[in-house]
Amino acid sequence: MIWTQCITTTLLLSSIKAALAAPAAPSAATNPLRGDENLIGYSSTNTISNENTETISYQLAPGQTEAAIVGLYLDFDDVEDPQPLRGDKGGTNPGPRNTEMNKMYSDKYAPPGTDSGATVNAQWPLALSGMILGKEKSGWSRQQNQDVLPAATEMAGVNMRLEAAGYRELHWHVAAEWAIVLNGSCRIQAVNDNGQTFIDDVGKGDVWFFPPGIPHSIQALENGVEFMLVFDDGSFSETNTFLATEIFAHNPRDVLSKDLSVPVSAFQNIPQDQLFIFPGTPAPTNISIQNITGPAGSIPQPQSYSYHFSSQPAQQLEGGSVKIVDPLSFPIASGFSAALVTINPGGMREIHWHPSSDEWTFFIQGRGRATLFTPPSKATTFDYLAGDVAYFPKSNSHYIENTGVEELIVLEVLKADHYSDVSLAQWIGLTSKQIVQDTLNLSNETLSQMTTEKKIVVS
Ligand SMILES: *[C@@H]1O[C@H](CO)[C@@H](O)[C@H](O)[C@H]1NC(C)=O
Ligand SMILES: *[C@@H]1O[C@H](CO)[C@@H](O)[C@H](O)[C@H]1NC(C)=O
Ligand SMILES: *[C@@H]1O[C@H](CO)[C@@H](O)[C@H](O)[C@H]1NC(C)=O
Ligand SMILES: *[C@@H]1O[C@H](CO)[C@@H](O)[C@H](O)[C@H]1NC(C)=O
Ligand SMILES: *[C@@H]1O[C@H](CO)[C@@H](O)[C@H](O)[C@H]1NC(C)=O
């Protein structure tokens, strides 16, 4: 009896010791973490896999057998297992991949034969930006800046949603802010350095601008709002603005008391943390109730911070339509020039470049592609979906082709005092035929078909 008990105790002790020594060992048949020295190359024990990677069966997208240099858009949507093949170039892909992304960005997966070398990256899908979530389901925001798109040195974008009555809290920043309402409506207000005030309601398609340092706020009206902000500084960050809550939280209470001529106790309930995006009391429908003016009055209309761009009709073009808002019509927004371009299915924003500015572009609806051409001979083709940002450096040529079945709507923003571009087709059309022929060896018949007009969007 005593003997048995002794053995049991010993066994128990040794199993406790074993458990302590190897706490991670899940089962008896555990393999060591590393292999042994026989696995070092050209050992007699080595075997190789007989897996055949040449037996993959696959389907090609329409146009995929065309010569790579033709560079047709490859629509992989209905192709189960797309392969990086174009004409007689490329090979199959038996390995790990993100098939959904290959389908979305087919020109990356099987680039046109005209792509060459490495340009800067000209694309940032906002779907890859981390959202900042507002308090109590009041909204969100996400941004693209140089941290994620290093080539975008001149402009950055912030996409923001405010639910009904939600606020982007009172704030200001070092950069200038240009914005377009994407959906819904909001009330915006500001006070300038002369003590003049501004308040206005803006809806889908309208534009606003706040100069550097001018404090402002934004509140969604009853149907909520979504907008896109563009800043004139590629390193802008939405988490680095001057907020009303923070300036109150970070000045001595005694100083605040003197500054605002109220007792120190007046500040006992102020927020200790920023509010950023938060729910609010619904704005009165009658804007006059919130239209506060002091002795300096309101900001005169010609210098208004808003522009009712939604009421401006677009110019109809062969393959779509376009309308422009720049300081020639919206003077306060100095340095921001934008074109809202609609491209019909099959249509294309022609090959062009902007002589005076980089271009920051947002894809509002549909899908398209662009080739960024950079001197001397670099070119990359990018595919864009709604919600993606594109960025084309100054004077680098690009086009935007509608690759989808619905209208493609894009917003092109330049940091320039007026909107301008050079059209490749018009340049060639307005150059002496002899010079063009000596250079490009085009036939007389082709030369006779050149346009002298800037078509902007072709069909
Ligand atoms: C705004 O967004 C809602 C929800 O997606 C959509 O149903 C509505 O059509 C949009 N409104 C406009 C004016 O685009
Ligand atoms: C606000 O009031 C001023 C006059 O004090 C007026 O000029 C301006 O149009 C008003 N703004 C709105 C949006 O009603
Ligand atoms: C809007 O508010 C202003 C100022 O309180 C008032 O004078 C005006 O009558 C109101 N308008 C309407 C339509 O209620
Ligand atoms: C121009 O094209 C023709 C064919 O149309 C070709 O015969 C000729 O060699 C080309 N000229 C040059 C300079 O490449
Ligand atoms: C093309 O046009 C030029 C100038 O009109 C002419 O000299 C030349 O012979 C033409 N070339 C051809 C192949 O017709």
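All ligand and atom numbering here is 1-based and tracks the order in the structure.
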Give a yes or no answer on whether the side chain of [X] reaches the backbone of [Y] with a donor-acceptor pair at less than 3.5 Å.
{"X": "T92", "Y": "P94", "value": "no"}
{"X": "N192", "Y": "G195", "value": "yes"}
{"X": "S397", "Y": "I351", "value": "no"}

query: Measuring from the heavy atoms of S288, does anything fall under 4.0 Å of ligand 2?
result: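 No; S288 lies far enough from ligand 2 that no heavy-atom distance drops under 4.0 Å.
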
task: Examine ligand 2 and decide if any of its atoms is less than 4.0 Å from a heavy atom belonging to D200.
output: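 Contact absent.
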
query: Do protein heavy atoms approach atom 9 (O) of ligand 3 to less than 4.0 Å?
result: no

field: Sub-4.0 Å protein heavy atom near atom 2 (O) of ligand 3
entry: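 Flag for atom 2 (O) of ligand 3 set to true, protein heavy atom closer than 4.0 Å.
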
query: What protein heavy atom sits nearest atom 5 (O) of ligand 4, and how far off is it?
result: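 For atom 5 (O) of ligand 4, the nearest protein heavy atom comes out as N441 ND2, 4.9 Å.
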
- prompt: Tell me: protein heavy atom nearest atom 11 (N) of ligand 3, and distance?
  reply: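 Result: N286 ND2, 2.8 Å.
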
message: Closer than 4.0 Å to some heavy atom of T293 - which atoms of ligand 2 meet that?
response: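 Selected atoms, number and element: 5 (O).
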
- prompt: Which residue from I199, N291, T197, I289 reaches closest to atom 14 (O) of ligand 2 through any of its heavy atoms?
  reply: N291

- request: State whether F276 and K135 meet the cation-pi test: NZ (Lys) or CZ (Arg) under 6.0 Å from the six-membered ring centroid, and within 45° of the perpendicular axis.
  value: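 No, K135 does not lie over the aromatic ring of F276.
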
- prompt: Do F242 and W172 have their ring centres less than 6.0 Å from each other?
  reply: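 That pair passes the under 6.0 Å test.
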
- request: Show your reasoning for whether side-chain contact (heavy atoms from CB on, under 4.5 Å) applies to H354 and H398.
  value: CA-CA 10 Å; H354 304 283; H398 51 278; 3.7 Å; yes

